[in-house]
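For clarity, every value in this text was computed on a predicted model and none was experimentally measured. We name chains A, B, ... by the order of the sequence lines, and we start the count at 1 in each one.
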There are 2 protein chains.
Amino acid sequence: MISKPLIAHFESYLPFEEAEKALIESRVSRRKVRHRELTLTSGEICRYYTFVVSGCFRMYITDAEGKEHNILFAAEGDWISDIDSFHATTPSHSNIQALEVSEIIQIAQEDLYHLYLNILKLDRIFKVITEEKYVELQNRVFQNISSTAQQRYLSFLKQYPNLANRLPNTQIASYLGITPEFLSMIRKEITLGH
Amino acid sequence: MISKPLIAHFESYLPFEEAEKALIESRVSRRKVRHRELTLTSGEICRYYTFVVSGCFRMYITDAEGKEHNILFAAEGDWISDIDSFHATTPSHSNIQALEVSEIIQIAQEDLYHLYLNILKLDRIFKVITEEKYVELQNRVFQNISSTAQQRYLSFLKQYPNLANRLPNTQIASYLGITPEFLSMIRKEITLGH
DNA sequence: CGAATTTCTTAAACTAGTTTAAGGGTTGCA
DNA sequence: TGCAACCCTTAAACTAGTTTAAGAAATTCG
């Protein structure tokens, strides 16, 4: 059962019958990813919905000046895909890269559509998953607009307590939209007790 | 048929049978909203999924210092609700306010759940709607992290060409995360041809 | 293990965006 | 129709965050 972690994830939303689990098992693939390996490159079409079994990924965009900007992180139990590119079958603007040795389960476009047709509750589950991710992003937009870099860093620490220790500061700075130098200052100020 | 604009919206995704339309009609309400009226106040639970028939709304949050920050706008054909508060039945952190005289169609929590149970394709439609809104937000996060205020303003103009003329600059500045004064400077620079 | 690369820190000079304040223009409604 | 509330602009002083540079510490990989 390569899909065991994925099915456990689905069953945290709704129960599944054996036949449904077997259908899912027949339509997914699983593989290991090396540290720094790109699973999606800008310009390429995002062909898979990807579930992270273990490890950690970032989605980032390269701007006009060649600078990279992290949009989100995904660790064990998260999904990471360019939803826009996947559904519209258009070239992606973003890149997805492993930040650790990782393992993923992937569902190709036609397999996901096949599953949607044959297991109707998947529509509901992915509706809920997308709503959850939407709420997260909305909080992020609010933080970006209304907070100083220090407040944003503190709320990053709250939201991803496990990632904070695993990720290099350069990745966190890129997520916060500041320079690593300034993040270094912020961390110093915080430990000095401001 | 008070729900006519809403059903037209749903049918832009999938066709509906008469019985389904009648069920929807029986489960929604429609009303007019005055300019500046709040349809959701921070601290209150978001009880309705709201579809904008005409007019325009903003969702905003008030920060620790009492400043308001616009998270998104919604005009004709858009949905505006605090998804988190609605589903979790918890007090909302945000406010929703009409920026023009408007008209809305609302679906209460129990009615929406009743519709989900009886019209399965609504799961799929709201899955897709949420995915679309997610992609929009993701672009906004990218803009916020990677662009100067001027670039963000230009991309706001592209994304909401019709809203740009309808909204006061104060609202746009709050959406961009800058002061109205600085937006004023940006607009001057742009018309001078930079 | 040791060399190469990546990562973190500090600090000084700089720039994008804020704050405050003041004046003029619009809009809405009694 | 007139006044209050809102909205936009300009400008000067200020502050949060960037840039550049250089050295120290930690990882990675042959």
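For B:Glu181, the side-chain atoms get nearest to D:dA11 when compared with the rest of D:dC7, D:dA11, C:dG17. Listed nucleotides C:dT9, D:dG17, D:dT28 differ in distance to A:His35; the shortest reach to its side chain belongs to D:dT28. Distance from the side chain of B:Ile178 is smallest for C:dT18 among the nucleotides D:dC7, C:dT10, C:dT18.
With rounding to whole Å, B:Gln150 atom CD is found 13 Å from C:dG17 atom C1'. Look at CE on A:Met185: it is 10 Å from P on D:dT18, rounded to the nearest Å. Spacing between atom CZ of A:Phe182 and atom P of C:dA11 amounts to 15 Å, rounded to whole angstrom units. Residue B:Arg36 contributes atom CZ, which lies 12 Å from atom P of C:dT27 at whole-angstrom precision.
Side-chain N/O atoms of B:Lys67 include one lying less than 4.0 angstrom from OP1 or OP2 on C:dT19. OP1 or OP2 of C:dT18 lies within a sub-4.0 Å distance of a side-chain N or O belonging to B:Thr179.
Salt bridge annotation for A:Lys21-A:Glu11: present, with a cationic side-chain nitrogen under 4.0 angstrom from a carboxylate oxygen.
Using a 4.5 Å cut-off between side-chain heavy atoms of Ile, Leu, Val, Met, Phe, Trp and Tyr, A:Ile45 forms no hydrophobic cluster with any other residue.
No hydrogens or angles considered: nothing links the side chains of B:Ser54 and B:Glu76 as a donor-acceptor pair under 3.5 Å.
Of the residues in residues 156-174 of chain B, B:Pro168, B:Asn169, B:Thr170 come within less than 4.0 Å of DNA chain D through at least one heavy atom, sorted by number.
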